[in-house]
Amino acid sequence: MARESTWSSFDATMLAEESRMIAQLLGNYQCFGQQDPDVGCYELPPSSWCSSHEADSCYCWSVDENSNPSLCYWSQSGDESDGAHAIGTVPVFTNHCLVGDQVAVNQTLSMHEPTAAHAEMPQHKRESHASEDDFRRQSSKKKIQASTNASALKSVKKARPGRNQKSIVSGDEEENHARSNGRSCCSYSSEDDSQAFQADLNAKTRSNRWPATDPQSLYARQRRERINARLRILQNLVPNGTWSSDDTMLEEAVHYVKFLQLQIKLLSSDELWMYAPVVHSGMNIAFVPANTCNEWF
Amino acid sequence: MAISNAGGDPAARNGGGGERKRKRWADPPVAKWRTEREQKTYSSKLIEAIRRVRRSSAAAATDHSRSRAVRAAADRALAVAARGRTRWSRAILSGRKLKLWDRARACRRKPLGSITAASASASHTTPKSKPPTLERKARVLGRLVPGCRKLPLPTLLEEASDYIAALEMQVRAMSAIAEILSAAGAAAAEPM
(Lines give C-alpha, C1' and ligand atoms only; values in the text may rest on other atoms or scores of the structure.)
Protein backbone atom coordinates (compact mmCIF):
# COMPACT_ATOMS: atom_id res chain seq x y z
CA MET A 1 0.00 0.00 0.00
CA ALA A 2 1.23 3.40 -0.81
CA ARG A 3 0.24 4.67 2.54
CA GLU A 4 2.33 2.10 4.24
CA SER A 5 5.38 3.02 2.27
CA THR A 6 5.13 6.66 3.18
CA TRP A 7 4.96 5.80 6.80
CA SER A 8 7.43 3.04 6.78
CA SER A 9 10.12 5.00 8.50
CA PHE A 10 9.69 6.12 12.00
CA ASP A 11 11.74 9.12 12.83
CA ALA A 12 11.91 9.39 16.55
CA THR A 13 13.49 12.76 16.55
CA MET A 14 10.56 14.29 14.83
CA LEU A 15 8.21 13.42 17.59
CA ALA A 16 8.17 16.76 19.29
CA GLU A 17 7.61 18.57 16.07
CA GLU A 18 5.01 16.13 15.06
CA SER A 19 3.26 16.51 18.34
CA ARG A 20 2.95 20.21 17.70
CA MET A 21 1.77 19.52 14.23
CA ILE A 22 -0.80 17.14 15.47
CA ALA A 23 -1.98 19.73 17.89
CA GLN A 24 -2.43 22.21 15.10
CA LEU A 25 -4.15 19.79 12.86
CA LEU A 26 -6.46 18.54 15.48
CA GLY A 27 -6.95 22.03 16.75
CA ASN A 28 -8.34 22.87 13.35
CA TYR A 29 -11.15 20.57 14.07
CA GLN A 30 -11.80 22.34 17.34
CA CYS A 31 -11.73 19.32 19.38
CA PHE A 32 -8.87 20.02 21.66
CA GLY A 33 -8.49 21.91 24.87
CA GLN A 34 -5.24 23.15 26.17
CA GLN A 35 -1.88 21.88 25.24
CA ASP A 36 0.79 21.15 27.67
CA PRO A 37 4.02 22.28 26.08
CA ASP A 38 6.22 20.51 28.52
CA VAL A 39 5.13 17.07 27.83
CA GLY A 40 3.66 17.57 24.45
CA CYS A 41 0.50 16.48 26.06
CA TYR A 42 -2.93 17.35 24.87
CA GLU A 43 -5.73 17.37 27.22
CA LEU A 44 -9.00 16.72 25.59
CA PRO A 45 -11.96 17.99 27.50
CA PRO A 46 -14.63 15.41 27.67
CA SER A 47 -17.25 17.61 26.18
CA SER A 48 -15.37 17.95 22.98
CA TRP A 49 -15.59 14.35 22.12
CA CYS A 50 -18.19 13.15 19.78
CA SER A 51 -21.30 11.56 21.03
CA SER A 52 -19.77 8.19 21.19
CA HIS A 53 -17.90 9.21 24.24
CA GLU A 54 -19.92 10.11 27.21
CA ALA A 55 -17.70 9.20 30.09
CA ASP A 56 -15.79 11.82 31.93
CA SER A 57 -12.38 10.93 30.77
CA CYS A 58 -9.50 12.80 29.37
CA TYR A 59 -7.04 11.64 26.84
CA CYS A 60 -3.51 12.81 26.97
CA TRP A 61 -1.07 12.05 24.27
CA SER A 62 2.36 12.36 25.67
CA VAL A 63 5.80 11.64 24.45
CA ASP A 64 8.35 10.07 26.70
CA GLU A 65 11.99 10.78 26.80
CA ASN A 66 12.81 7.69 24.91
CA SER A 67 10.47 8.83 22.19
CA ASN A 68 7.77 6.41 22.98
CA PRO A 69 4.55 8.16 22.31
CA SER A 70 1.76 6.77 24.27
CA LEU A 71 -1.70 7.55 25.24
CA CYS A 72 -2.49 8.12 28.81
CA TYR A 73 -6.03 7.68 29.82
CA TRP A 74 -7.54 9.43 32.72
CA SER A 75 -10.89 8.27 33.56
CA GLN A 76 -13.06 10.29 35.79
CA SER A 77 -16.25 8.45 35.51
CA GLY A 78 -17.23 7.30 38.93
CA ASP A 79 -18.57 4.03 37.80
CA GLU A 80 -16.03 1.96 39.57
CA SER A 81 -15.23 4.72 42.02
CA ASP A 82 -11.67 4.70 40.94
CA GLY A 83 -11.49 8.38 40.36
CA ALA A 84 -9.08 9.76 37.91
CA HIS A 85 -5.86 8.02 37.33
CA ALA A 86 -3.54 7.63 34.48
CA ILE A 87 -3.15 4.24 33.07
CA GLY A 88 0.30 4.79 31.84
CA THR A 89 1.99 3.88 28.68
CA VAL A 90 0.76 0.43 28.15
CA PRO A 91 0.00 0.33 24.50
CA VAL A 92 -2.89 -1.95 24.76
CA PHE A 93 -4.77 0.66 26.68
CA THR A 94 -4.67 2.99 23.80
CA ASN A 95 -7.06 0.81 22.00
CA HIS A 96 -9.36 0.79 24.91
CA CYS A 97 -8.94 4.47 25.41
CA LEU A 98 -9.74 5.35 21.91
CA VAL A 99 -13.00 3.68 22.30
CA GLY A 100 -13.50 6.07 25.14
CA ASP A 101 -14.71 3.35 27.35
CA GLN A 102 -15.84 3.54 30.89
CA VAL A 103 -13.64 3.04 33.84
CA ALA A 104 -14.03 -0.65 33.48
CA VAL A 105 -11.41 -0.33 30.84
CA ASN A 106 -8.98 0.41 33.57
CA GLN A 107 -9.45 -2.99 34.89
CA THR A 108 -8.76 -4.69 31.68
CA LEU A 109 -5.10 -4.47 32.25
CA SER A 110 -4.61 -7.87 30.81
CA MET A 111 -4.77 -8.44 27.13
CA HIS A 112 -7.61 -10.75 27.62
CA GLU A 113 -9.47 -10.09 24.50
CA PRO A 114 -7.16 -8.10 22.34
CA THR A 115 -9.03 -8.76 19.18
CA ALA A 116 -12.26 -7.77 20.78
CA ALA A 117 -10.81 -4.61 22.16
CA HIS A 118 -9.36 -3.87 18.83
CA ALA A 119 -12.62 -4.57 17.18
CA GLU A 120 -14.10 -1.88 19.26
CA MET A 121 -11.37 0.44 18.26
CA PRO A 122 -12.02 0.58 14.59
CA GLN A 123 -15.52 1.76 14.98
CA HIS A 124 -14.06 5.18 14.68
CA LYS A 125 -11.77 4.28 11.90
CA ARG A 126 -14.61 3.39 9.69
CA GLU A 127 -15.78 6.92 9.73
CA SER A 128 -12.36 8.36 9.50
CA HIS A 129 -11.87 7.16 5.98
CA ALA A 130 -12.20 10.44 4.20
CA SER A 131 -10.55 12.51 6.81
CA GLU A 132 -7.61 10.19 6.93
CA ASP A 133 -6.59 11.30 3.48
CA ASP A 134 -6.67 14.92 4.43
CA PHE A 135 -4.83 14.21 7.55
CA ARG A 136 -2.12 12.43 5.76
CA ARG A 137 -1.71 15.08 3.16
CA GLN A 138 -1.36 17.73 5.73
CA SER A 139 1.11 15.89 7.82
CA SER A 140 3.51 14.20 5.54
CA LYS A 141 5.91 13.81 8.41
CA LYS A 142 3.48 11.83 10.44
CA LYS A 143 5.66 8.83 10.66
CA ILE A 144 4.54 7.96 14.08
CA GLN A 145 1.63 6.02 12.88
CA ALA A 146 3.71 4.17 10.31
CA SER A 147 2.41 0.82 9.46
CA THR A 148 0.13 0.75 12.43
CA ASN A 149 -2.08 3.41 11.02
CA ALA A 150 -2.19 1.67 7.73
CA SER A 151 -3.36 -1.35 9.54
CA ALA A 152 -5.75 0.91 11.35
CA LEU A 153 -7.19 1.89 8.03
CA LYS A 154 -7.52 -1.69 7.14
CA SER A 155 -8.98 -2.46 10.47
CA VAL A 156 -11.72 -0.13 9.39
CA LYS A 157 -13.29 -3.07 7.79
CA LYS A 158 -13.51 -4.67 11.13
CA ALA A 159 -15.56 -1.77 12.26
CA ARG A 160 -19.06 -1.69 13.39
CA PRO A 161 -22.10 -2.57 11.41
CA GLY A 162 -23.90 -0.79 8.65
CA ARG A 163 -25.22 1.64 11.13
CA ASN A 164 -21.82 3.17 11.20
CA GLN A 165 -21.91 3.59 7.49
CA LYS A 166 -25.19 5.36 7.67
CA SER A 167 -23.93 7.59 10.39
CA ILE A 168 -21.29 8.85 8.00
CA VAL A 169 -23.73 11.12 6.30
CA SER A 170 -24.46 12.94 9.47
CA GLY A 171 -23.57 16.56 9.61
CA ASP A 172 -20.90 16.58 12.23
CA GLU A 173 -19.10 13.68 10.74
CA GLU A 174 -16.18 15.82 9.82
CA GLU A 175 -15.46 16.52 13.40
CA ASN A 176 -15.93 12.91 14.23
CA HIS A 177 -13.52 12.00 11.52
CA ALA A 178 -10.97 14.39 12.78
CA ARG A 179 -11.31 13.41 16.34
CA SER A 180 -11.32 9.77 15.61
CA ASN A 181 -8.45 10.33 13.29
CA GLY A 182 -6.50 12.11 15.93
CA ARG A 183 -7.39 9.45 18.34
CA SER A 184 -6.35 6.79 15.96
CA CYS A 185 -3.03 8.49 15.47
CA CYS A 186 -2.58 8.82 19.15
CA SER A 187 -3.49 5.31 19.88
CA TYR A 188 -1.53 3.66 17.21
CA SER A 189 1.51 5.68 17.91
CA SER A 190 2.46 3.21 20.52
CA GLU A 191 1.36 0.21 18.64
CA ASP A 192 4.86 -0.35 17.45
CA ASP A 193 5.65 -1.62 20.84
CA SER A 194 2.88 -4.08 21.14
CA GLN A 195 3.50 -6.38 18.28
CA ALA A 196 1.68 -9.28 19.73
CA PHE A 197 -1.46 -7.34 20.06
CA GLN A 198 -1.33 -5.79 16.66
CA ALA A 199 -0.02 -8.66 14.68
CA ASP A 200 -3.15 -10.59 15.20
CA LEU A 201 -5.25 -7.81 13.81
CA ASN A 202 -2.80 -7.14 11.02
CA ALA A 203 -2.98 -10.68 9.90
CA LYS A 204 -6.70 -10.42 9.71
CA THR A 205 -7.02 -7.05 8.11
CA ARG A 206 -4.21 -7.16 5.58
CA SER A 207 -5.73 -10.18 4.04
CA ASN A 208 -8.64 -7.98 3.03
CA ARG A 209 -8.37 -5.65 0.11
CA TRP A 210 -8.73 -1.99 0.74
CA PRO A 211 -10.63 0.01 -0.22
CA ALA A 212 -13.62 -2.22 -0.65
CA THR A 213 -15.56 -1.66 -3.76
CA ASP A 214 -18.83 -3.39 -3.14
CA PRO A 215 -20.70 -1.94 -0.19
CA GLN A 216 -22.65 -5.07 0.34
CA SER A 217 -19.61 -7.28 0.45
CA LEU A 218 -17.95 -4.72 2.66
CA TYR A 219 -20.86 -4.89 5.02
CA ALA A 220 -20.79 -8.64 4.98
CA ARG A 221 -17.10 -8.65 5.63
CA GLN A 222 -17.45 -6.25 8.50
CA ARG A 223 -20.19 -8.32 9.94
CA ARG A 224 -18.07 -11.40 9.64
CA GLU A 225 -15.19 -9.68 11.37
CA ARG A 226 -17.41 -8.59 14.17
CA ILE A 227 -18.74 -12.05 14.64
CA ASN A 228 -15.27 -13.46 14.66
CA ALA A 229 -14.21 -10.99 17.26
CA ARG A 230 -17.05 -11.93 19.51
CA LEU A 231 -16.31 -15.56 18.97
CA ARG A 232 -12.79 -14.96 20.17
CA ILE A 233 -14.13 -13.53 23.38
CA LEU A 234 -16.35 -16.53 23.78
CA GLN A 235 -13.49 -18.79 22.99
CA ASN A 236 -11.46 -17.34 25.82
CA LEU A 237 -14.32 -17.87 28.20
CA VAL A 238 -15.22 -21.39 27.41
CA PRO A 239 -12.76 -23.89 28.80
CA ASN A 240 -10.88 -25.89 26.24
CA GLY A 241 -11.99 -23.36 23.74
CA THR A 242 -9.44 -24.21 21.15
CA TRP A 243 -11.89 -24.80 18.37
CA SER A 244 -11.50 -22.41 15.54
CA SER A 245 -14.62 -23.30 13.65
CA ASP A 246 -17.73 -21.26 14.24
CA ASP A 247 -19.96 -24.26 14.55
CA THR A 248 -17.90 -26.00 17.13
CA MET A 249 -17.46 -22.84 19.12
CA LEU A 250 -21.16 -22.27 19.25
CA GLU A 251 -21.72 -25.84 20.19
CA GLU A 252 -19.19 -25.67 22.96
CA ALA A 253 -20.73 -22.47 24.20
CA VAL A 254 -24.15 -24.05 24.28
CA HIS A 255 -22.84 -27.04 26.19
CA TYR A 256 -21.00 -24.87 28.62
CA VAL A 257 -24.01 -22.71 29.33
CA LYS A 258 -26.09 -25.80 29.93
CA PHE A 259 -23.43 -27.13 32.22
CA LEU A 260 -23.24 -23.94 34.22
CA GLN A 261 -26.97 -23.72 34.57
CA LEU A 262 -27.12 -27.30 35.73
CA GLN A 263 -24.39 -26.63 38.23
CA ILE A 264 -26.30 -23.71 39.63
CA LYS A 265 -29.43 -25.75 39.81
CA LEU A 266 -27.66 -28.44 41.76
CA LEU A 267 -26.10 -25.93 44.08
CA SER A 268 -29.39 -24.27 44.78
CA SER A 269 -31.17 -27.50 45.45
CA ASP A 270 -29.00 -28.12 48.44
CA GLU A 271 -30.95 -28.00 51.65
CA LEU A 272 -28.53 -25.88 53.50
CA TRP A 273 -29.67 -22.75 51.78
CA MET A 274 -32.92 -22.88 53.63
CA TYR A 275 -31.96 -24.41 56.91
CA ALA A 276 -28.40 -23.50 57.67
CA PRO A 277 -27.95 -20.61 60.05
CA VAL A 278 -27.42 -17.47 58.05
CA VAL A 279 -26.42 -15.01 60.67
CA HIS A 280 -25.13 -11.78 59.29
CA SER A 281 -22.61 -11.22 62.02
CA GLY A 282 -21.18 -14.62 61.47
CA MET A 283 -20.81 -14.09 57.77
CA ASN A 284 -18.60 -11.08 57.89
CA ILE A 285 -15.62 -13.01 56.81
CA ALA A 286 -15.37 -11.85 53.27
CA PHE A 287 -18.63 -10.20 52.51
CA VAL A 288 -19.33 -6.66 51.66
CA PRO A 289 -22.31 -5.51 53.64
CA ALA A 290 -25.34 -5.43 51.45
CA ASN A 291 -26.37 -1.90 50.72
CA THR A 292 -29.35 -0.61 48.89
CA CYS A 293 -30.46 -3.40 46.71
CA ASN A 294 -33.68 -4.14 48.45
CA GLU A 295 -35.87 -2.46 45.93
CA TRP A 296 -35.00 -5.01 43.32
CA PHE A 297 -36.78 -7.70 45.15
CA MET B 1 -39.76 -4.08 40.28
CA ALA B 2 -37.86 -1.01 39.34
CA ILE B 3 -35.56 -1.45 36.43
CA SER B 4 -33.68 1.76 36.40
CA ASN B 5 -31.33 1.12 33.56
CA ALA B 6 -33.80 -0.33 31.16
CA GLY B 7 -34.96 3.03 29.95
CA GLY B 8 -31.58 4.53 29.60
CA ASP B 9 -29.90 1.94 27.53
CA PRO B 10 -32.31 1.65 24.60
CA ALA B 11 -32.29 5.39 24.29
CA ALA B 12 -28.57 5.38 24.12
CA ARG B 13 -28.66 2.63 21.63
CA ASN B 14 -30.73 4.53 19.16
CA GLY B 15 -28.29 7.26 18.30
CA GLY B 16 -25.14 6.81 16.32
CA GLY B 17 -23.07 7.65 19.33
CA GLY B 18 -25.14 5.33 21.40
CA GLU B 19 -24.29 2.58 19.04
CA ARG B 20 -20.67 2.99 19.88
CA LYS B 21 -21.43 3.10 23.53
CA ARG B 22 -23.30 -0.12 23.31
CA LYS B 23 -20.49 -1.87 21.52
CA ARG B 24 -17.90 -0.85 23.96
CA TRP B 25 -18.89 -3.03 26.80
CA ALA B 26 -18.35 -6.23 25.00
CA ASP B 27 -14.89 -6.57 26.33
CA PRO B 28 -14.66 -5.10 29.82
CA PRO B 29 -17.62 -6.74 31.49
CA VAL B 30 -16.26 -10.13 30.77
CA ALA B 31 -13.28 -9.31 32.91
CA LYS B 32 -15.51 -7.52 35.35
CA TRP B 33 -17.16 -10.71 36.40
CA ARG B 34 -13.89 -12.15 37.49
CA THR B 35 -13.02 -9.53 40.04
CA GLU B 36 -13.11 -10.32 43.69
CA ARG B 37 -15.14 -7.26 44.39
CA GLU B 38 -17.91 -8.35 42.11
CA GLN B 39 -18.08 -11.69 43.79
CA LYS B 40 -18.30 -10.11 47.19
CA THR B 41 -21.04 -7.82 46.06
CA TYR B 42 -22.95 -10.68 44.63
CA SER B 43 -22.46 -12.78 47.72
CA SER B 44 -23.91 -10.17 49.98
CA LYS B 45 -26.86 -9.67 47.68
CA LEU B 46 -27.38 -13.38 47.56
CA ILE B 47 -27.43 -13.70 51.32
CA GLU B 48 -30.06 -11.02 51.52
CA ALA B 49 -32.12 -12.71 48.87
CA ILE B 50 -31.89 -16.06 50.62
CA ARG B 51 -33.08 -14.51 53.83
CA ARG B 52 -36.07 -13.08 52.07
CA VAL B 53 -36.85 -16.39 50.47
CA ARG B 54 -36.72 -18.03 53.84
CA ARG B 55 -39.05 -15.50 55.33
CA SER B 56 -41.48 -15.63 52.48
CA SER B 57 -41.57 -19.36 52.10
CA ALA B 58 -41.50 -20.34 55.71
CA ALA B 59 -44.13 -22.97 55.08
CA ALA B 60 -42.63 -24.11 51.84
CA ALA B 61 -44.45 -26.84 50.05
CA THR B 62 -41.84 -29.11 48.58
CA ASP B 63 -38.13 -29.32 48.30
CA HIS B 64 -38.47 -28.65 44.61
CA SER B 65 -40.30 -25.42 45.09
CA ARG B 66 -37.79 -24.35 47.69
CA SER B 67 -34.85 -25.06 45.47
CA ARG B 68 -36.55 -23.28 42.63
CA ALA B 69 -37.10 -20.27 44.83
CA VAL B 70 -33.50 -20.32 45.88
CA ARG B 71 -32.36 -20.54 42.31
CA ALA B 72 -34.66 -17.78 41.20
CA ALA B 73 -33.35 -15.57 43.96
CA ALA B 74 -29.80 -16.36 42.95
CA ASP B 75 -30.51 -15.49 39.34
CA ARG B 76 -32.19 -12.27 40.29
CA ALA B 77 -29.26 -11.34 42.44
CA LEU B 78 -27.00 -12.04 39.52
CA ALA B 79 -29.06 -9.87 37.25
CA VAL B 80 -28.91 -7.08 39.78
CA ALA B 81 -25.17 -7.43 39.93
CA ALA B 82 -25.13 -6.94 36.19
CA ARG B 83 -26.69 -3.50 36.79
CA GLY B 84 -29.13 -4.03 34.00
CA ARG B 85 -26.74 -3.27 31.20
CA THR B 86 -27.21 -6.53 29.44
CA ARG B 87 -30.26 -8.00 27.85
CA TRP B 88 -30.24 -11.16 29.85
CA SER B 89 -30.13 -9.34 33.14
CA ARG B 90 -33.02 -7.13 32.14
CA ALA B 91 -34.94 -10.13 30.96
CA ILE B 92 -34.42 -11.88 34.27
CA LEU B 93 -35.47 -8.87 36.26
CA SER B 94 -38.52 -8.12 34.20
CA GLY B 95 -40.01 -11.33 35.35
CA ARG B 96 -39.59 -14.98 34.82
CA LYS B 97 -43.31 -15.51 34.60
CA LEU B 98 -43.43 -13.23 31.64
CA LYS B 99 -40.75 -15.25 29.93
CA LEU B 100 -42.56 -18.51 30.45
CA TRP B 101 -45.80 -17.07 29.23
CA ASP B 102 -44.20 -15.66 26.12
CA ARG B 103 -42.55 -18.95 25.41
CA ALA B 104 -45.82 -20.81 25.64
CA ARG B 105 -47.48 -18.29 23.41
CA ALA B 106 -44.68 -18.47 20.87
CA CYS B 107 -44.79 -22.22 20.76
CA ARG B 108 -48.49 -22.16 20.13
CA ARG B 109 -48.58 -19.52 17.44
CA LYS B 110 -45.36 -19.67 15.56
CA PRO B 111 -45.02 -22.80 13.45
CA LEU B 112 -41.69 -24.43 13.08
CA GLY B 113 -41.65 -23.72 9.40
CA SER B 114 -41.05 -20.08 10.01
CA ILE B 115 -37.76 -20.84 11.61
CA THR B 116 -36.44 -22.57 8.53
CA ALA B 117 -37.84 -19.78 6.38
CA ALA B 118 -35.97 -17.26 8.44
CA SER B 119 -32.75 -19.17 8.11
CA ALA B 120 -33.24 -19.57 4.38
CA SER B 121 -33.87 -15.89 3.94
CA ALA B 122 -30.81 -15.11 5.97
CA SER B 123 -28.72 -17.21 3.68
CA HIS B 124 -30.15 -15.49 0.63
CA THR B 125 -29.65 -11.91 1.64
CA THR B 126 -26.01 -11.91 2.66
CA PRO B 127 -23.51 -12.91 -0.02
CA LYS B 128 -21.10 -14.35 2.51
CA SER B 129 -23.86 -16.25 4.27
CA LYS B 130 -23.29 -18.53 7.16
CA PRO B 131 -24.61 -22.04 6.77
CA PRO B 132 -28.00 -22.70 8.32
CA THR B 133 -26.47 -24.98 10.94
CA LEU B 134 -24.77 -21.96 12.41
CA GLU B 135 -28.08 -20.19 12.53
CA ARG B 136 -29.66 -23.16 14.22
CA LYS B 137 -27.00 -23.30 16.86
CA ALA B 138 -27.32 -19.60 17.37
CA ARG B 139 -31.00 -20.05 18.02
CA VAL B 140 -30.26 -22.78 20.53
CA LEU B 141 -27.88 -20.48 22.31
CA GLY B 142 -30.45 -17.74 22.19
CA ARG B 143 -32.94 -19.97 23.89
CA LEU B 144 -30.51 -20.74 26.66
CA VAL B 145 -29.60 -17.19 27.46
CA PRO B 146 -32.60 -15.45 28.93
CA GLY B 147 -34.04 -12.73 26.78
CA CYS B 148 -31.89 -13.41 23.76
CA ARG B 149 -34.10 -15.42 21.53
CA LYS B 150 -34.37 -13.33 18.44
CA LEU B 151 -31.08 -11.51 18.56
CA PRO B 152 -28.72 -11.30 15.63
CA LEU B 153 -25.58 -13.29 15.94
CA PRO B 154 -23.05 -10.63 17.00
CA THR B 155 -25.29 -9.32 19.75
CA LEU B 156 -26.10 -12.81 20.79
CA LEU B 157 -22.44 -13.64 21.11
CA GLU B 158 -21.89 -10.60 23.26
CA GLU B 159 -24.76 -11.49 25.52
CA ALA B 160 -23.65 -15.08 25.70
CA SER B 161 -20.12 -14.12 26.69
CA ASP B 162 -21.33 -11.87 29.43
CA TYR B 163 -23.84 -14.44 30.59
CA ILE B 164 -21.22 -17.17 30.74
CA ALA B 165 -18.89 -14.96 32.73
CA ALA B 166 -21.71 -14.07 35.10
CA LEU B 167 -22.72 -17.68 35.53
CA GLU B 168 -19.18 -18.64 36.33
CA MET B 169 -19.08 -16.02 39.01
CA GLN B 170 -22.39 -17.19 40.33
CA VAL B 171 -21.15 -20.73 40.62
CA ARG B 172 -18.03 -19.61 42.40
CA ALA B 173 -19.92 -17.43 44.82
CA MET B 174 -22.58 -19.97 45.58
CA SER B 175 -20.14 -22.77 46.17
CA ALA B 176 -18.12 -20.53 48.45
CA ILE B 177 -21.20 -19.57 50.42
CA ALA B 178 -22.38 -23.14 50.57
CA GLU B 179 -19.04 -24.16 51.95
CA ILE B 180 -19.16 -21.48 54.59
CA LEU B 181 -22.72 -22.31 55.50
CA SER B 182 -22.00 -25.96 55.85
CA ALA B 183 -18.94 -25.20 57.91
CA ALA B 184 -20.96 -22.89 60.10
CA GLY B 185 -23.64 -25.48 60.41
CA ALA B 186 -21.13 -28.13 61.38
CA ALA B 187 -19.53 -25.82 63.90
CA ALA B 188 -22.89 -25.02 65.39
CA ALA B 189 -23.83 -28.66 65.56
CA GLU B 190 -20.68 -29.73 67.37
CA PRO B 191 -21.32 -28.40 70.84
CA MET B 192 -24.63 -30.24 70.89
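In what follows, chains are A, B, ... by sequence order, proteins preceding strands, each numbered from 1. Any value given below was found using the heavy atoms of this structure, including those in side chains, with hydrogens, waters and symmetry copies removed.
The shortest heavy-atom contact between I264(A) and Q170(B) is CD1-OE1, 3.0 Å. Summarising the geometry of L144(B) relative to V254(A), their closest heavy-atom pair is CD1-O, 3.5 Å, with the distance given to 0.1 Å.
For Q263(A), there are no side chain to side chain donor-acceptor pair (under 3.5 Å) partners two or more places apart in sequence or in a different chain. For E179(B), there are no salt bridge (Lys or Arg N to Asp or Glu O under 4.0 Å) partners, not counting sequence neighbours.
Side-chain contact between Q261(A) and R71(B): present, with at least one pair of heavy atoms (C-beta onward) separated by less than 4.5 Å.
E168(B) touches chain A through backbone and side chain together, each having a heavy atom under 4.5 Å away. Interface remark: L46(B) contributes side-chain atoms only to the contact with chain A (heavy atom separation under 4.5 Å). Residue A178(B) touches chain A through both its backbone and its side chain, counting heavy-atom pairs closer than 4.5 Å. Both the backbone and the side chain of L260(A) come within less than 4.5 Å of a heavy atom of chain B. In this structure, no portion of Y42(B) lies under 4.5 Å from any heavy atom of chain A.
Residue T248(A) holds its OG1 atom at 7.5 Å from NZ of K137(B), rounded to the nearest 0.5 Å. D247(A) contributes atom CG, which lies 4.0 Å from atom OG1 of T133(B) (distance to the nearest 0.5 angstrom). Atoms CE and CG, on M249(A) and L157(B) in that order, are 9.0 Å from each other to the nearest 0.5 Å. A distance of 11.0 Å separates CG in L167(B) from CZ in F259(A), rounded to the nearest 0.5 Å. Rounding to the nearest 0.5 Å places CZ of R68(B) at 12.5 Å from OG of S269(A). Atoms CG and CZ, on L250(A) and R136(B) in that order, are 11.5 Å from each other to the nearest 0.5 Å.
Residue S161(B) is tested with L231(A), V238(A), I233(A) for a side-chain contact (heavy atoms from CB on, under 4.5 Å); the sole match is I233(A).
No other option in A69(B), S175(B), A74(B), P152(B) has as many heavy-atom pairs under 4.5 Å with chain A as S175(B).
In this structure a side-chain-to-backbone donor-acceptor pair under 3.5 Å is present from R230(A) to P154(B).
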